[in-house]
Amino acid sequence: MTLFERAFRNLSRTQKSEFISKNIEYAYSCAVAEYAKNYILDILDNFDKHELQMVSDYVCSKGYALRLNDTAVQMPKTDKINSYGIQQEDTSSGL
């Protein structure tokens, strides 16, 4: 682990968010995803309905099913929940 990585790990959650916000244009998408996956629900709480719909459309285009209501994204109850807690649609029927 580099000195920079060690220093970053010691920052508070707020300090990390502020640092990333100020320097986001330098980050690789995979690095942002690695950090953001721990806070994805916090991030989604800050989205408006239009932004949530865009996320929902993107996730659905990847073969997952989401239901959007007026206040939040809710996942339907199913046995086909992947390790990220997202339902994957059954596409085996060919319909």
Side-chain angles (χ1 to χ4, degrees):
M1 181 182 312
T2 67
L3 180 59
F4 176 79
E5 289 170 325
R6 213 172 301 127
F8 186 79
R9 286 183 183 264
N10 289 326
L11 295 175
S12 71
R13 187 174 179 167
T14 300
Q15 291 170 318
K16 286 177 184 174
S17 295
E18 289 171 355
F19 177 83
I20 289 170
S21 293
K22 290 177 186 174
N23 299 288
I24 195 71
E25 66 273 6
Y26 300 114
Y28 291 104
S29 62
C30 59
V32 173
E34 182 66 30
Y35 172 78
K37 71 181 179 183
N38 297 317
Y39 306 103
I40 191 67
L41 298 178
D42 293 335
I43 293 167
L44 291 174
D45 281 343
N46 293 300
F47 283 13
D48 64 25
K49 189 172 182 175
H50 175 71
E51 292 165 330
L52 286 173
Q53 186 62 55
M54 289 189 322
V55 171
S56 176
D57 292 345
Y58 174 79
V59 170
C60 290
S61 77
K62 297 296 184 183
Y64 298 96
L66 296 176
R67 186 180 70 217
L68 194 66
N69 68 18
D70 288 337
T71 58
V73 174
Q74 293 190 355
M75 294 173 288
K77 294 184 180 357
T78 181
D79 292 335
K80 296 180 181 179
I81 301 291
N82 70 12
S83 60
Y84 297 104
I86 299 176
Q87 174 191 3
Q88 190 162 12
E89 286 184 348
D90 182 8
T91 56
S92 61
S93 67
L95 297 177

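The first residue of the sequence shown is numbered 1, and numbering continues consecutively from there. Values below: all heavy atoms of this structure, side chains included; hydrogens, waters and symmetry mates excluded.
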Under the side-chain hydrogen bond (donor to acceptor under 3.5 Å, both in side chains) test, residues paired with Glu34 that sit two or more places apart: Lys37
Indicate if Tyr64 and Ile40 have the same hydrophobic cluster label, given that clusters are the connected sets of ILVMFWY residues with side-chain heavy-atom separations under 4.5 angstrom. yes
Taking ring pair (Phe, Tyr, Trp, His ring centres under 6.0 Å) as the test, write out the residues that go with Tyr39, two or more places apart. Tyr35
With sequence neighbours left out, what residues match Asn46 under side chain to side chain contact (heavy atoms under 4.5 Å, CB included)? none
Return the set of residues passing ring pair (Phe, Tyr, Trp, His ring centres under 6.0 Å) with Phe4 (not counting sequence neighbours), or none when no residue passes. Phe19
Could you list the residues that satisfy side chain to side chain contact (heavy atoms under 4.5 Å, CB included) with Phe47, not counting sequence neighbours? Ile43, Leu44, Glu51, Leu52, Val55
List, one per line, each side-chain donor-acceptor pair under 3.5 Å for residues 5-12, sequence neighbours excluded.
{"unit_1": "Glu5", "atom_1": "OE1", "unit_2": "Thr2", "atom_2": "N", "d": "2.8"}
{"unit_1": "Glu5", "atom_1": "OE1", "unit_2": "Thr2", "atom_2": "OG1", "d": "3.4"}
{"unit_1": "Arg6", "atom_1": "NH2", "unit_2": "Met1", "atom_2": "O", "d": "3.1"}
{"unit_1": "Asn10", "atom_1": "ND2", "unit_2": "Arg6", "atom_2": "O", "d": "3.2"}
{"unit_1": "Ser12", "atom_1": "OG", "unit_2": "Gln15", "atom_2": "N", "d": "3.1"}
{"unit_1": "Ser12", "atom_1": "OG", "unit_2": "Gln15", "atom_2": "OE1", "d": "3.2"}

Distance from Asn38 atom CG to Lys16 atom NZ, nearest 0.5 Å? 9.0 Å
